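What you see is a predicted model; the values in this text were computed from it and never measured. Heavy atoms only: backbone and side chains are in, while hydrogens, waters and symmetry mates are out. Below, read A as the first sequence line, B as the second, and so on, with proteins coming before strands; counting in each chain starts at 1.
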Number of protein chains: 4
Amino acid sequence: MVTNEMSMATVSKEPKSGRPRDARLDAAILQATVELLEEHGYFDVSLAAIAERAGTTTPAIYRRWSSKADLVVQAVFRTEGDDVVADTGDLAADITTMVWWTVEKVCRPAGRAALVGLLGESHEELNGRRADVTRVMARAGERLERAKAADQIRPDVDTAVLVAMMSGSVLQMAVTNGRRGVDDAWVTALVSVLLDGIRPPVRSEREKGPVAP
Amino acid sequence: MVTNEMSMATVSKEPKSGRPRDARLDAAILQATVELLEEHGYFDVSLAAIAERAGTTTPAIYRRWSSKADLVVQAVFRTEGDDVVADTGDLAADITTMVWWTVEKVCRPAGRAALVGLLGESHEELNGRRADVTRVMARAGERLERAKAADQIRPDVDTAVLVAMMSGSVLQMAVTNGRRGVDDAWVTALVSVLLDGIRPPVRSEREKGPVAP
Amino acid sequence: MVTNEMSMATVSKEPKSGRPRDARLDAAILQATVELLEEHGYFDVSLAAIAERAGTTTPAIYRRWSSKADLVVQAVFRTEGDDVVADTGDLAADITTMVWWTVEKVCRPAGRAALVGLLGESHEELNGRRADVTRVMARAGERLERAKAADQIRPDVDTAVLVAMMSGSVLQMAVTNGRRGVDDAWVTALVSVLLDGIRPPVRSEREKGPVAP
Amino acid sequence: MVTNEMSMATVSKEPKSGRPRDARLDAAILQATVELLEEHGYFDVSLAAIAERAGTTTPAIYRRWSSKADLVVQAVFRTEGDDVVADTGDLAADITTMVWWTVEKVCRPAGRAALVGLLGESHEELNGRRADVTRVMARAGERLERAKAADQIRPDVDTAVLVAMMSGSVLQMAVTNGRRGVDDAWVTALVSVLLDGIRPPVRSEREKGPVAP
DNA sequence: ACTTAAACGAGACGGTACGTCGCGTCTTAAA
DNA sequence: TTTAAGACGCGACGTACCGTCTCGTTTAAGT
C-alpha cells in the first residue's frame with residue numbers, strides 16, 4: 001500500500017505545535033513550477049520566479065522541498081502510481097496506455113526539465129528524488145508480471161527490461177525530438193515491435209533453404 | 001562522407017585572418033570537462049574548475065563554446081558517427097554493439113551530465129547541440145534500413161522506432177539506475193525482445209495442434 | 001547637526017524588515033580597501049582581492065557600494081566633516097591644520113586612488129560620490145566665513161576660492177609629486193602666501209620715501 | 001631648448017629601416033582619444049573604440065603608446081611648454097593667462113580623464129608620463145623667478161608653491177565642480193588672493209588698539 | 001631589381017577583472 | 001512554529017576590455 005505522505009526527499013517532518021502550514025501554498029507552488037518550466041525550461045526558471053507566481057517567497061518553498069531539483073521532480077512526477085497502470089486484461093491496450101502516460105509526462109518541456117532534476121547530481125542521494133518514478137515503474141512491472149503469469153508474455157522475458165523499453169523509447173524521443181514525431185502511429189509501431197519483435201515471421205522456414213548471403 | 005569541421009554548436013567559424021586558435025587548449029578543455037563531470041556531476045562542476053584543470057581561463061572556453069551546456073554535450077557526444085555503427089552482417093551482433101556503445105556513453109556520470117545539457121533549455125535553439133546525437137542515430141537507422149533491405153527485419157517496422165528503443169532503453173536505465181543493472185544479461189534480454197518480441201510462440205491457433213518440437 | 005546615516009552614494013536604504021546587514025563586513029571591506037590601495041594603486045587592486053582580504057566575496061561589496069569607484073572614494077574620504085575643521089580662533093593655525101588634513105588624505109597612494117574614483121567617469125551622476133568631499137569643503141568655507149566676520153579676512157575675498165587654493169595646492173602636489181616635496185616648509189610657505197600674497201610690501205609710492213623702519 | 005621627440009613613455013624608437021610609421025595615424029588617434037574622452041570619460045572609453053574612430057586598430061595604437069593611460073595623458077597634455085607661458089612683463093596678466101590655460105586643459109571631461117592616467121598607478125614608473133605636465137610647470141616657475149628677480153614678488157616666496165597654488169586651485173575645481181563655477185570672476189579672485197593675500201591691509205594698525213575678543 | 005625590415009589592416013587570442021544572477025540561509029515581526 | 005517580507009553570504013556565470021600575437025600585405029630604405 002502506498003502511503004499518502006510526501007516523498008522522503010522533502011523536508012517536512014509534521015511538527016507537533018505552532019502555526020499550521022498553509023496547504024494552498026503547496027498547490028500554488030507546484031502549479032507555478034510546472035507552468036514556468038513549460039514556458040522557460042529548467043535553467044531559465046528561478047525559485048524567486050516560482051515563488052512570485054505562487055504568491056509567496058522562497059523560504060516558504062524551502063520549508064517544503066530541499067532544493068530546486070527536488071521541487072521540479074516532485075512537481076512533474078508526483079503520483080501514487082496506482083492511477084497510472086491499467087489492467088483491462090488486454091495486454092496490448094494496457095501497454096499502449098502506459099506508453100501514452102509516459103509521453104504525457106516526459107515529452108513536454110516540464111517533463112524534460114524534471115529529467116534534469118533527476119540527472120544533475122552524481123551522488124546517489126537522489127534515490128529519494130526518484131521515488132515517484134521508480135514506484136510507477138514498479139507498478140508497470142507488476143502488471144507485466146501478471147501478464148507473464150497469464151501466458152501472454154514469454155516466460156523467459158525480463159519484465160524490468162520491458163519497462164525500460166516502454167518508457168525509455170519515449171524518453172529518447174523527448175531528448176532528441178521534443179514532442180514531434182510521437183503520435184499514434186509511432187506508439188502503435190513501438191507496441192508492435194514490443195509484442196512481436198522485428199524478425200520476419202517467415203524467416204524460420206525460409207532460412208532453412210539456400211538463402212543468398 | 002563526414003566532413004572534418006566542428007559541430008555547428010561551436011562558436012568559431014574558421015576565420016580568414018587573425019591569430020589562430022590554440023588547438024591544444026581545445027583538447028585540454030574537452031578532456032578536463034569529461035574528467036570533472038565523471039567526478040562531480042553537472043551542477044557541481046564549474047567552468048572555472050574546468051578552465052583551471054585545462055590550464056586556461058573561462059573566456060577561452062566561451063570563445064569556443066556558447067555555454068556550459070554546449071561544452072558538456074560536445075565533450076561527451078562529439079563523434080563522427082562512422083566509428084559507432086558496425087555492419088558485420090550479423091544483425092543481432094551489430095545491435096548488441098550499438099547498445100553497448102550507448103551504454104558506454106550514457107550510463108556514466110559524464111553521460112548523465114551531458115543529458116542535462118541536452119534537456120536544460122526549452123527553446124528549440126538547441127537543435128545544433130543535438131547534432132552529434134542525431135547524427136549517430138541516423139547512422140544506426142541506415143544500418144537497420146540495410147537489414148530491412150536484406151530481409152532481416154519485417155518490412156513494416158519503422159527503423160526510427162527501433163533506434164529509439166535501442167538507445168532509449170539504455171537512457172531509461174541511466175536516469176533511474178545509473179549504471180547498476182546494466183550488464184551482459186540485461187543487454188542480451190533487450191536484444192532478444194527487440195528481435196523476437198515478447199509474445200509467446202503460440203502461433204495463433206494452428207500451432208497449438210500436434211506440432212511438437 | 002550631522003546625521004549618522006551613510007552617504008547617499010551607497011546602495012542600502014535602511015530596510016524595515018529582513019536580515020540585517022553584517023556591520024563588521026562593512027568595516028572589514030573599507031579597511032581592506034584602504035590597505036590594498038596603499039599597497040598597489042587603483043588599477044592594480046581588484047574587488048576580488050579586497051573581498052578576499054575582508055573575508056567575504058564581491059557580491060557582498062556590490063550590495064553596499066555601486067561600483068569600485070564608489071567604494072574607493074568612500075573608503076578614503078568618508079567623514080562627517082566636523083572632525084576635520086578646527087576653529088581655535090587662530091586663523092593661520094587653523095588653515096595650517098586644514099592643509100595638513102588634506103595632505104594626509106590626498107598625498108598617499110590611497111588618496112590618489114580615491115581621486116581616480118572621483119575623476120574616472122564623466123557623467124554628472126557622481127555628484128553623490130563627491131558628497132563627502134564637498135561636505136568637508138563646506139565646513140572649511142564656514143570656518144573662513146567666520147574669520148571674515150571677525151575681520152581676519154578681507155571682506156571682498158571669496159572664501160570658496162580660498163578653500164580651492166588650500167586643498168588644490170595639495171592636490172597638485174599629489175598628482176605630480178606623490179608625497180615628496182610636501183613638508184613643513186612647504187605648508188608654511190603655502191599658508192604664508194595665502195595670508196599675505198606674493199606682492200612685496202612696497203605700499204605703492206608713498207612708502208618708497210624716507211620711511212625707513 | 002625642448003627637443004621635438006615624443007615623451008619617453010612612448011614605445012617608438014626610430015628604427016633605421018622598414019616601412020615608416022604613418023604620421024596621419026598618430027594625429028587621428030590622438031584626436032579620437034580626446035573626442036571620446038570628452039564624451040564618455042576614462043572608464044567608458046575603450047582602446048577599440050578609439051581605434052575604430054581613428055580608422056585603425058589597437059595594435060597600431062600599442063605601437064605608439066605603451067598603455068591606455070599613457071595615450072590618454074599624451075593626448076591631453078602633450079605640449080612643448082613654450083607656447084603656454086606668456087611673459088608680457090605684466091605679472092598679474094601673465095598669471096591670469098597661465099590660470100586660464102590650466103582651466104582649458106583640466107576643467108573638461110578629457111582633462112579629468114587625463115588625470116586618471118596620471119594617478120592610477122602607484123609605482124613611480126609614471127614619471128615619464130608626467131613629463132609634459134612637469135615641463136609646463138617648470139616653464140611657469142621660470143616665469144615667476146624672473147618676476148622675483150624684477151622685484152615683483154617677495155624674495156622669500158617659493159615659486160614652486162606658487163605654481164602649485166595656481167594650477168592646483170583649478171584642479172580642485174575640476175575634481176569637485178567640473179567646469180561650473182570657474183569663470184572670469186573666479187579667476188580674478190584667485191589672482192587677487194595670490195597677489196595680495198587674504199589679510200586685511202588695515203589690520204596692522206587697527207590691531208594695535210583695544211580690539212574686543 | 002632584389003632583399004630586408006618594419007608598419008599596416010584585420011581579427012582573434014589569453015587572461016584579469018568586472019558586475020550580475022540565483023541558490024539556499026537567516027532575521028525580524030506578525031499571526 | 002509558521003507565515004510574509006526581504007536581505008544576506010557566496011558560488012558561479014558570462015562579458016568587457018587590455019595588451020599581445022599571428023597572419024598576409026604594403027611601403028620604404030639599403031644593397
Side-chain angles (χ1 to χ4, degrees), chain A residues 11 13 15-22 25 43-49 51 55-63 65-69 71, chain B residues 11-22 25 43-49 51 55-68, chain C residues 11-22 25 43-51 55-68, chain D residues 11-13 15-22 25 43-49 51 55-69:
Chain A
V11 173
K13 283 188 174 60
K16 42 200 69 171
S17 75
R19 174 172 169 175
R21 201 167 268 174
D22 185 344
L25 274 186
F43 290 128
D44 295 333
V45 169
S46 71
L47 289 182
T56 182
T57 57
T58 50
I61 296 180
Y62 280 99
R63 244 171 264 123
W65 294 274
S66 64
S67 70
K68 178 181 180 181
L71 166 62
Chain B
V11 174
S12 77
K13 281 186 172 56
E14 190 66 34
K16 45 199 69 170
S17 78
R19 173 174 173 173
R21 195 162 279 170
D22 186 342
L25 274 187
F43 289 118
D44 295 333
V45 169
S46 71
L47 290 184
T56 182
T57 56
T58 48
I61 296 179
Y62 281 103
R63 231 172 278 120
R64 293 166 166 80
W65 294 275
S66 63
S67 69
K68 180 180 180 180
Chain C
V11 174
S12 77
K13 280 186 174 56
E14 190 66 34
K16 44 200 70 171
S17 78
R19 174 174 172 174
R21 194 163 279 170
D22 187 340
L25 273 187
F43 289 119
D44 295 333
V45 169
S46 72
L47 289 184
I50 292 172
T56 182
T57 55
T58 48
I61 297 180
Y62 281 102
R63 226 173 283 118
R64 292 165 166 80
W65 293 275
S66 64
S67 68
K68 179 180 181 180
Chain D
V11 173
S12 81
K13 283 189 174 60
K16 41 200 70 172
S17 76
R19 175 174 173 174
R21 209 166 262 174
D22 187 342
L25 273 186
F43 290 126
D44 296 333
V45 169
S46 70
L47 289 183
T56 181
T57 57
T58 49
I61 296 180
Y62 281 100
R63 248 172 256 125
R64 294 165 166 79
W65 294 276
S66 63
S67 70
K68 179 181 180 180

Spacing of A:Thr58 atom OG1 and A:Lys68 atom NZ [to the nearest 0.5 Å]: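 That separation rounds to 13.0 Å.
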Let me know the distance between [atom1] of [X] and [atom2] of [N], rounded to the nearest Å.
X	N	atom1	atom2	answer
D:Trp65	F:dC18	CH2	C1'	17 Å
B:Asp22	F:dT20	CG	P	19 Å
A:Ile61	F:dG6	CD1	P	16 Å
B:Arg19	E:dA12	CZ	P	13 Å

If you look at every heavy atom in D:Arg64 and D:Arg21, which pair is closest and at what distance?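 For D:Arg64 and D:Arg21, the tightest heavy-atom pair comes out as NH2-CG, 3.2 Å.
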Could you run down nucleotides 15-21 of chain E 5' to 3' and tag each one B, S or - for protein heavy-atom contact under 4.0 Å? BBSSBBB
Mind checking side-chain contact (heavy atoms from CB on, under 4.5 Å) for D:Ser67 and listing every partner two or more places apart, or none if nothing turns up?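 For D:Ser67 the side-chain contact (heavy atoms from CB on, under 4.5 Å) partners, ignoring immediate neighbours, are D:Ala69, D:Asp70, D:Arg129.
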Given that both pair distances must be under 3.5 Å and the pair must be Watson-Crick or G-U, what runs of three or more consecutive pairs involve DNA chain F?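 DNA chain F forms these stems: E:3-31 with F:1-29.
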Hey, are the side chains of A:Thr56 and A:Asp22 touching, using non-hydrogen atoms and a 4.5 Å cut-off?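 No, their side chains stay 4.5 Å or more apart.
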